[in-house]
K.L.:
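Just dropping this structure here.
Numbering starts at 1 and runs along the sequence shown. For the numbers below, each heavy atom of this structure counts, side chains included, while hydrogens, waters and symmetry mates do not. All ligand and atom numbering here is 1-based and tracks the order in the structure.
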Amino acid sequence: MALPDKVKIVEVGPRDGLQNEKEFVPTDIKVSLVNQLSDAGFLNIEATSFVSPKWVPQMADGAQVMEAIKRREGTVYSVLTPNMRGFEGALAAKADEVVIFGAASEAFSQKNINCSIDESIDRFEPVARAAKEAGIRLRGSISCALGCPYQGEVPVESVVHVAQRLIALGCDEIDVADTIGVATAAQVYRVMSAVTEKVDPRQVSGHFHDTYGQALANIYASLQAGISIFHSSVAGLGGCPYAKGATGNVATEDVLYMLQGMGIETGIDLDAVITTGQWISDYLQRPNASRAGKALVNKRAAVCT
Ligand SMILES: CC(C)(COP(=O)([O-])OP(=O)([O-])OC[C@H]1O[C@@H](n2cnc3c(N)ncnc32)[C@H](O)[C@@H]1OP(=O)([O-])[O-])[C@@H](O)C(=O)NCCC(=O)NCCSC(=O)C[C@@](C)(O)CC(=O)[O-]
């Protein structure tokens, strides 16, 4: 299949990237992160979550973050909403897109949102209806679509089944997520091909964590399967609180570097993202997890000396 000439990158650093941080990241840092990413040209930024602060304390300031960010025209600011309470918060905060998040693995569904897959779909139904009524975009995320920390292998049929149910709820987009970053390219091609037999590929995104260093290869395999939306996190921030040992999302800088090299357009200013990636890594006092980001920061320093 011919590769796309344009790709949409959904920057998930402010939400997926920060949600697992042990120390509370001050609201003004989160706001500055979103603002810098808006300025870099992202068309979609996952800004925060409206989830229980008992479950994910780092996202407790979702409303304040949404209130304070400077919105760039044309950028969609998404938030996670597991239930109607979350949706009401998202609506009040004027989110452009709400994300319902389920799983292809029963065990992970229980750990992450405290209910079975069937119960989760029931819980999402009113959220989906309310989003449609309010004219808000709706996205559905499928965790553990390529492996589960509790159950191991996840059958392709389960992924396709959940994808179809999310589309039936009215999702504009669905995410096939490798929550623990274990997938390899041939497997990703198989799963993406199976999903896109039932769902329009323009509605499917790839959300890859990079635990085993396979994420770029998995994005390449997804491109070959017709996918043109990918999630990534500046400086490779992240990890899921309910997937121990899983590292962050694939780093945005690495994805942009690869796509640029392939002549695929994203509309995002890589240079600006590199600056933001180093800034947030310095703030969190940890090494920048983006290989391209680190290399380009070093190159800048070499040019300046
Ligand atoms: C779904 C629930 C709420 C069920 O949690 P529960 O304990 O079964 O539900 P509950 O209704 O009994 O609520 C418990 C408490 O939370 C409150 N509450 C209830 N809902 C909300 C809300 N929306 N906002 C604020 N507060 C809320 C509620 O009022 C109550 O407070 P209490 O009465 O005890 O004081 C909980 O399990 C939850 O919030 N889970 C979120 C987990 C999460 O955010 N995980 C990380 C995101 S998913 C992810 O990272 C994967 C993804 C998307 O990136 C893709 C991938 O890589 O796989």
K.L.:
Using a plain distance cutoff, I'd like to know if Q19 has any nitrogen or oxygen under 3.5 Å from a nitrogen or oxygen of ligand 1.
P.N.:
yes
K.L.:
Does any N or O of ligand 1 fall below 3.5 Å from an N or O anywhere on P53, backbone included?
P.N.:
no
K.L.:
A quick test of your reading: do over 12 heavy atoms of other residues, nucleotides or ligands sit less than 6.0 Å from CD of E153?
P.N.:
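Open.
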K.L.:
Could you work out, for atom 5 (O) of ligand 1, the closest of W55, F208, F108 by heavy-atom distance?
P.N.:
W55
K.L.:
Do the side chains of C171 and I100 get nearer than 4.5 Å, heavy atoms only?
P.N.:
yes
K.L.:
Quick one: which of N112, L80, V51 has a heavy atom closest to atom 24 (N) of ligand 1?
P.N.:
V51
K.L.:
If we only consider heavy atoms of H231, is any one of them less than 4.0 Å away from an atom in ligand 1?
P.N.:
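It does not; every heavy atom stays at 4.0 Å or beyond.
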K.L.:
Could you tell me, atom by atom, which parts of ligand 1 come under 4.0 Å of a heavy atom of N114?
P.N.:
6 (P), 7 (O), 8 (O)
K.L.:
Checking the side chain of Q58 only, and the main-chain atoms of E23 only, is there a donor and an acceptor separated by less than 3.5 Å?
P.N.:
yes
K.L.:
Grab the two heavy atoms, one from P4 and one from L223, that are nearest each other, plus how far apart they are.
P.N.:
CG-CD2, 3.7 Å
K.L.:
I'd like to check which ligand 1 atoms, numbered from 1 as shown, lie under 4.0 Å from a non-hydrogen atom of R123.
P.N.:
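Taking each heavy atom of R123 in turn, ligand 1 has 1 (C), 4 (C) under 4.0 Å.
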K.L.:
Does the side chain of I9 come within less than 4.5 Å of L259's, by heavy atoms?
P.N.:
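A side-chain contact exists here, since the closest heavy-atom pair is under 4.5 Å.
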K.L.:
What atoms in ligand 1 come closer than 4.0 Å to a heavy atom of K54?
P.N.:
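By the 4.0 Å cutoff, the relevant atoms are 31 (O), 32 (P), 34 (O), 35 (O).
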K.L.:
If the cut-off is 4.0 Å to any non-hydrogen atom of F50, which atoms of ligand 1 fall inside it?
P.N.:
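Within the 4.0 Å cut-off of F50, ligand 1 contributes 22 (C), 23 (N), 24 (N).
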K.L.:
If you measure every N/O of A177 against every N/O of ligand 1, is any gap under 3.5 Å?
P.N.:
no
K.L.:
Return a yes/no value for S52: is any of its N or O atoms, backbone included, closer than 3.5 angstrom to an N or O of ligand 1?
P.N.:
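In this structure, S52 places an N or O atom under 3.5 Å from an N or O of ligand 1.
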K.L.:
Using the side-chain contact (heavy atoms from CB on, under 4.5 Å) definition, which of the options V10, V273, V234 pairs with F42?
P.N.:
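Single side-chain contact (heavy atoms from CB on, under 4.5 Å) partner of F42 among V10, V273, V234: V273.
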K.L.:
Give the atom numbers and elements of ligand 1 that come within less than 4.0 Å of a heavy atom of D16.
P.N.:
50 (O), 54 (O)
K.L.:
Just by distance, no angles: are the side chains of T27 and D61 close enough, under 3.5 Å, to form a donor-acceptor pair?
P.N.:
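Yes, side-chain donor-acceptor contact under 3.5 Å.
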K.L.:
Would you find more than 12 non-hydrogen atoms of other residues, nucleotides or ligands less than 6.0 Å from K94 atom NZ?
P.N.:
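Counting other residues, nucleotides and ligands, NZ of K94 stays at 12 neighbours or fewer.
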K.L.:
Any side-chain heavy-atom pair from L146 and Q187 closer than 4.5 angstrom?
P.N.:
yes
K.L.:
State whether the shortest distance between N or O atoms of G86 and N or O atoms of ligand 1 falls below 3.5 angstrom.
P.N.:
yes
K.L.:
With nothing but distance in play, are any N or O atoms of D178 less than 3.5 Å from an N or O of ligand 1?
P.N.:
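Looking only at distances, the answer is no, because the N/O contact criterion of under 3.5 Å is not met.
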K.L.:
I need the atoms of ligand 1 closer than 4.0 Å to a non-hydrogen atom of H209, numbered in the order shown.
P.N.:
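Numbered from 1, ligand 1 contributes 57 (O).
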K.L.:
Quick one: does ligand 1 sit under 4.0 Å from the side chain of M84, the backbone, both or neither, non-hydrogen atoms only?
P.N.:
neither
K.L.:
Cation-pi check, K111 to Y150: give yes when NZ or CZ is under 6.0 Å from the six-membered ring centre and within 45° of the ring axis, no otherwise.
P.N.:
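Cation-pi check for K111 and Y150: passes.
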K.L.:
If the cut-off is 4.0 Å to any non-hydrogen atom of S141, which atoms of ligand 1 fall inside it?
P.N.:
53 (C), 55 (C)
K.L.:
Regarding E173 and K8, does a basic nitrogen lie under 4.0 Å from an acidic carboxylate oxygen?
P.N.:
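Looking at E173 and K8, the cut-off is met.
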